[in-house]
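Just below is one structure, and these are the notes that go with it.
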There are 2 protein chains.
Amino acid sequence: MYIKLDPQSDFPIYSQLIHQLMEGILKGDLKEGDMLPSVRSLAADLGINMHTVNKSYHELEKRGIIQIVPKSGAVVRLQQAEKESEHYTRLVRELKPVLLEAMTLGMGKAEINSLVELLVKEYKEE
Amino acid sequence: MYIKLDPQSDFPIYSQLIHQLMEGILKGDLKEGDMLPSVRSLAADLGINMHTVNKSYHELEKRGIIQIVPKSGAVVRLQQAEKESEHYTRLVRELKPVLLEAMTLGMGKAEINSLVELLVKEYKEE
DNA sequence: AGATTTGTTCTATATTTTATATAACAAAAA
DNA sequence: TTTTTGTTATATAAAATATAGAACAAATCT
């Protein structure tokens with residue numbers, strides 16, 4: 001699975017890594033139950049620090065996407081996000097400002113929905 | 001127009017201010033052509049630094065939402081975001097990771113769309 | 001015209017976040 | 001048993017965030 005990081009991006013490295021790993025899951029490169037590479041080996045592969053990878057993994061765990069087994073490794077464990085769950089709440093908190101921006105740029109409900117559909121399709125066809 | 005800032009938020013103050021001002025525009029508190037308060041007066045009202053407000057204003061200008069007239073003030077000037085415009089491109093870049101998160105949380109196209117509709121309605125009924 | 005307010009620019013400082021670097025530890029895995 | 005694992009700790013550096021104060025010229029107000 002290929003991971004691309006851009007040091008010049010607005011997003012910090014650990015965020016980019018989170019995004020790439022989520023992409024990998026959605027594309028099927030990583031499936032439920034799969035082990036993620038160890039923080040040391042992935043850091044070496046990507047040419048970044050171990051702690052940066054570690055931060056990404058723990059953030060993914062906080063988001064309910066992987067499970068970290070102490071002294072062992074990280075496993076893909078997708079959780080269903082119930083409404084009112086902390087995962088769902090955080091998602092809404094992150095989604096709001098982006099929608100605000102879309103609306104101030106003149107996009108309506110229909111336009112936003114078609115954009116969302118377009119982007120969703122890039123990762124998963126249903 | 002009431003503006004609420006949370007120093008403990010994950011979002012920096014200047015980002016929160018950007019969001020609140022966008023909300024004000026969408027709710028109709030600020031209309032096309034309206035002047036924004038001066039950076040000094042708004043900073044004083046909110047109990048934050050002048051330069052922080054200034055940063056928010058310039059970011060809003062970069063996003064095509066207001067126009068800053070040198071030595072005069074800031075005016076609401078909503079631009080239509082054409083596809084392929086830098087505004088549209090940035091929006092997509094910000095929207096992608098949020099959608100990735102939604103999908104890894106198990107949400108499908110329909111679920112995401114209904115959430116988007118729900119949030120959009122909070123600001124603007126069409 | 002004169003006084004005030006405006007955004008702008010500059011320097012300075014402090015805190016937080018991000019990223020890297022080393023080292024050591026105990027538990028798990030090979 | 002040797003290696004690898006995540007964890008924890010300390011340390012450093014750079015960037016982002018936020019505040020502070022001062023000075024300037026243009027715009028606005030009285």
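Lettering follows sequence order; numbering is per chain, from 1. Values in this document were obtained by computation on a predicted structure and should not be read as measured data.
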Ordered by number, residues from residues 53-64 of chain A within less than 4.0 Å of DNA chain D (heavy atoms) are N54(A), H58(A)
Per-pair distances, 0.1 Å, donor-acceptor, side chain in residues 73-85 of chain A, under 3.5 Å, sequence neighbours excluded:
residue, atom, partner, partner atom, Å
S85(A), OG, E82(A), O, 2.7
S85(A), OG, H87(A), N, 3.4
S85(A), OG, Y88(A), N, 3.1

Would you list the pairs meeting salt bridge (Lys or Arg N to Asp or Glu O under 4.0 Å) in which at least one residue belongs to residues 60-70 of chain B, sequence neighbours left out? E101(A)-R63(B), E59(B)-K62(B), E59(B)-R63(B)
Listed by chain and number, what are the side-chain hydrogen bond (donor to acceptor under 3.5 Å, both in side chains) partners of S38(A), not counting sequence neighbours? S41(A)
Could you tell me, to 10°, how much the axis swings from one end of the helix from dA1(C)-dT30(D) to dA30(C)-dT1(D) to the other, five pairs per end? 40°
Residues that D34(A) engages under side-chain hydrogen bond (donor to acceptor under 3.5 Å, both in side chains), provided they are two or more places apart: none
Tell me, please, which residues at least two apart from H19(B) pass side-chain hydrogen bond (donor to acceptor under 3.5 Å, both in side chains). none
Can you list everything that forms a salt bridge (Lys or Arg N to Asp or Glu O under 4.0 Å) with K27(B)? Sequence neighbours excluded, please. E23(B)
5' to 3' on DNA chain C, which nucleotides open and close the contacts with chain B (atom under 4.0 Å from a heavy atom)? dT6(C) to dC10(C)
Earlier contact from the 5' end, DNA chain C, for H51(B) and P37(B): P37(B)
Set out, line by line, the N/O atom pairs under 3.5 Å between protein and nucleotides 23-30 of chain D.
residue, atom, partner, partner atom, Å
dA23(D), N6, R40(B), NH2, 3.3
dA27(D), O4', K71(B), O, 3.3

Can you list the residues that meet the side-chain hydrogen bond (donor to acceptor under 3.5 Å, both in side chains) rule with D45(B), with sequence neighbours excluded? none
Who passes salt bridge (Lys or Arg N to Asp or Glu O under 4.0 Å) against K55(B), sequence neighbours left out? none
